[in-house]
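Predicted, not measured: the structure shown is a model, and the values here were computed from it.
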Amino acid sequence: MSPSFLGRTAGFTLLIRCCQGFNYHQSRSLVNVKLKWVKDPILDTVVSREKDLKAVSSLISIISCAQKSCLPIYCLSRCRGQLGLPQDLKLSTLIRRYPNIFREFYALDSGGTRVPWFELTPKALRLHEEGLGILENCHMDFLNRLRRLLMLTRDLTLPLQTIDQLKWDLGLPYNYEESVIRKNLDIFSLIRLPDDRVGVKLLLWDENLAMSELQKNAVLQGKNSDKELKNGIISFPIGFPRGFGLKRKCMEWLEEWQRLPYTSPYSDGSHLDPRTDESEKRIVGVFHELLHLTVGKKTERKNVSNLRRPLSLPQKFTKVLERHPGIFYISKKSDTQTVILREAYDRHNLVHKHPLVEFRDKLASMMREGFLDRSKGLYKKEKRSGTDVLEEIGTSRTVSGDESEPPSQAVDC
């Protein structure tokens with residue numbers, strides 16, 4: 001057994017001891033320091049290049065699960081709330097942006113009105129099958145991400161609605177309630193919460209999962225001495241964008257703040273006074289770990305707004321994101337605020353790219369291709385067998401009779 005392995009094992013042992021929280025005399029009050037927000041164009045592209053990606057991916061899942069792999073626009077509209085679209089954007093407008101993914105045809109409803117229907121193109125179907133293979137191969141990884149998310153909470157419980165808001169970022173399948181939770185009832189339980197909402201409860205605590213990414217990296221990278229690890233002192237990786245001027249007073253505060261004891265986000269932090277920098281460091285650690293649980297190391301700020309009570313955090317807890325711009329970047333692109341973990345990116349690329357992120361990059365590239373080709377007029381409407389079909393020039397596809405008519409049975413939306 002190599003000395004380096006023994007050294008890492010000893011380091012992990014030290015960290016496990018401080019996972020339960022560090023008994024530290026809290027003498028530092030919360031220092032009134034406010035660091036300015038500086039626009040980071042490089043990280044802004046991380047958000048802007050994924051415009052419509054979540055909505056399109058969700059629509060692909062919805063259509064592929066339909067009875068005949070096609071749905072009318074009124075059925076898709078019922079799912080609009082799951083897509084996160086701006087209020088002023090029509091769903092049909094979004095779908096028609098990407099004719100290389102969604103194929104449109106018309107059928108008569110029971111009243112004789114022509115209604116637009118949508119199905120997936122063969123190329124989109126092949127890409128969807130590839131995505132399903134990735135979800136299957138990474139099933140245990142996504143299962144553990146959900147377990148660790150629940151382990152961050154006080155009661156090992158979260159409302160299903162809150163998990164819904166985070167499922168895209170965690171990499172969970174669209175139908176994760178069926179494919180992940182209900183297939184692992186020895187690990188999870190669906191319960192009724194006091195406010196009558198449905199909740200997900202973790203039944204088994206796994207100590208092997210109760211170590212944060214910051215703690216693991218502190219040992220593997222060897223940036224903290226054994227004495228610091230023994231005293232629970234772990235610093236966060238920090239990086240500021242070009243042009244960020246940090247005043248000397250702020251720099252001194254930040255250096256002192258980094259030397260404060262680190263309390264694991266998987267441990268009980270109720271002993272910490274919320275008016276101290278020590279408490280703030282734990283809150284930063286919770287956000288840091290939460291972002292590490294996401295496949296893209298980012299999430300919309302509104303997605304964590306409902307986590308205050310489950311995570312036992314004080315009022316206005318998201319203010320720490322603004323006080324630590326060297327750890328988090330808040331992008332204001334795409335009419336929302338997206339929190340990005342700086343250390344996870346080398347310019348606009350993830351340092352460690354998850355297979356699901358690589359797949360989503362392929363889908364985003366396909367979307368850009370279809371959008372540009374449509375703007376160049378490479379797609380046109382053709383009338384065929386009494387049906388309007390949006391079809392690429394140079395290709396042909398006959399619309400069969402059962403496709404041009406509404407299905408006789410109700411479609412499960």
[X] and [Y] ion-paired at < 4.0 Å:
{"X": "R301", "Y": "E322", "result": "yes"}
{"X": "R182", "Y": "E177", "result": "yes"}
{"X": "K298", "Y": "E50", "result": "yes"}
{"X": "R148", "Y": "E213", "result": "yes"}
{"X": "D277", "Y": "K281", "result": "no"}

Testing the basics here: between [X] and [Y], what is the closest heavy-atom pair and its distance to 0.1 Å?
{"X": "P325", "Y": "F244", "answer": "CG-CZ, 3.8 Å"}
{"X": "N208", "Y": "D206", "answer": "N-OD1, 2.9 Å"}
{"X": "S331", "Y": "D44", "answer": "OG-OD1, 2.7 Å"}
{"X": "G370", "Y": "P99", "answer": "O-CD, 4.0 Å"}
{"X": "F287", "Y": "T318", "answer": "CZ-CG2, 4.1 Å"}
{"X": "I340", "Y": "L291", "answer": "C-CD1, 4.4 Å"}

Residues that K362 engages under side-chain contact (heavy atoms from CB on, under 4.5 Å), provided they are two or more places apart: L127, E130

Inter-residue atom distance [X].[atom1] - [Y].[atom2], 0.5 Å rounding:
{"X": "E119", "Y": "E104", "atom1": "CD", "atom2": "CD", "value": "11.0 Å"}
{"X": "Q165", "Y": "L160", "atom1": "CD", "atom2": "CG", "value": "10.5 Å"}
{"X": "R114", "Y": "D109", "atom1": "CZ", "atom2": "CG", "value": "11.0 Å"}
{"X": "I101", "Y": "E369", "atom1": "CD1", "atom2": "CD", "value": "9.5 Å"}
{"X": "C70", "Y": "L76", "atom1": "SG", "atom2": "CG", "value": "10.0 Å"}
{"X": "R309", "Y": "L307", "atom1": "CZ", "atom2": "CG", "value": "13.0 Å"}

For a quick check under 3.5 Å, do T336 and E300 share a side-chain donor-acceptor pair by atom type? yes

Consider only side-chain N and O atoms of Y98 and D52, and report whether a donor and an acceptor are under 3.5 Å apart.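 Yes, D52 and Y98 have a side-chain donor paired with an acceptor closer than 3.5 Å.
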
[Y] and [X], any side-chain heavy atoms less than 4.5 Å apart:
{"X": "I234", "Y": "N217", "answer": "no"}
{"X": "K297", "Y": "V351", "answer": "no"}
{"X": "I60", "Y": "F102", "answer": "yes"}
{"X": "V115", "Y": "Y106", "answer": "no"}
{"X": "L43", "Y": "Y345", "answer": "yes"}
{"X": "V38", "Y": "F240", "answer": "no"}
{"X": "V339", "Y": "Y329", "answer": "no"}
{"X": "D361", "Y": "K353", "answer": "yes"}

Short side-chain to backbone donor-acceptor contact, [X] and [Y], under 3.5 Å:
{"X": "W117", "Y": "A107", "answer": "no"}
{"X": "T93", "Y": "L89", "answer": "no"}
{"X": "S58", "Y": "K54", "answer": "yes"}
{"X": "S77", "Y": "I73", "answer": "yes"}
{"X": "N100", "Y": "M366", "answer": "yes"}
{"X": "R145", "Y": "L293", "answer": "yes"}
{"X": "S61", "Y": "S57", "answer": "yes"}
{"X": "Q258", "Y": "F236", "answer": "yes"}
{"X": "R374", "Y": "R96", "answer": "yes"}

Report yes or no: is the cationic atom of R308 (NZ for Lys, CZ for Arg) closer than 6.0 Å to the six-membered ring centre of F317, at no more than 45° off its axis? no

Neighbour count above 12 (heavy atom, 6.0 Å) for [X] [atom1]:
{"X": "K201", "atom1": "NZ", "result": "yes"}
{"X": "E178", "atom1": "CD", "result": "yes"}
{"X": "R192", "atom1": "CZ", "result": "yes"}
{"X": "K319", "atom1": "NZ", "result": "no"}

Going by the angle between their ring planes, with limits at 30° and 60°, are H324 and W257 parallel, tilted or perpendicular? tilted

Taking only residues two or more places apart in sequence or in another chain, which ones pass salt bridge (Lys or Arg N to Asp or Glu O under 4.0 Å) with D346? none

Between R147 and N184, does a side-chain contact (heavy atoms from CB on, under 4.5 Å) hold up when you go through it step by step? CA-CA 11 Å; R147 292 169 71 188; N184 294 277; over 6 Å; no

Residues L71, F118; criterion side-chain contact (heavy atoms from CB on, under 4.5 Å); working and verdict: CA-CA 6 Å; L71 284 173; F118 296 94; over 6 Å; no

What verdict does the side chain to side chain donor-acceptor pair (under 3.5 Å) test give for E289 and Y266, after you've listed the backbone C-alpha separation in whole Å, the side-chain angles of each residue and the deciding distance to 0.1 Å? CA-CA 9 Å; E289 182 68 4; Y266 295 104; 2.7 Å; yes

Derivation and outcome, side-chain contact (heavy atoms from CB on, under 4.5 Å), residues L94 and L91: CA-CA 5 Å; L94 169 74; L91 180 57; 4.3 Å; yes

Could you please spell out the steps behind the side chain to side chain donor-acceptor pair (under 3.5 Å) verdict for T45 and H348? CA-CA 7 Å; T45 62; H348 53 73; 5.0 Å; no

Is there a side chain to side chain donor-acceptor pair (under 3.5 Å) between T162 and N306? Walk through the geometry before answering. CA-CA 7 Å; T162 301; N306 296 326; 4.7 Å; no

Derivation of the side-chain contact (heavy atoms from CB on, under 4.5 Å) call for Q337 and L321: CA-CA 11 Å; Q337 291 191 15; L321 301 173; over 6 Å; no

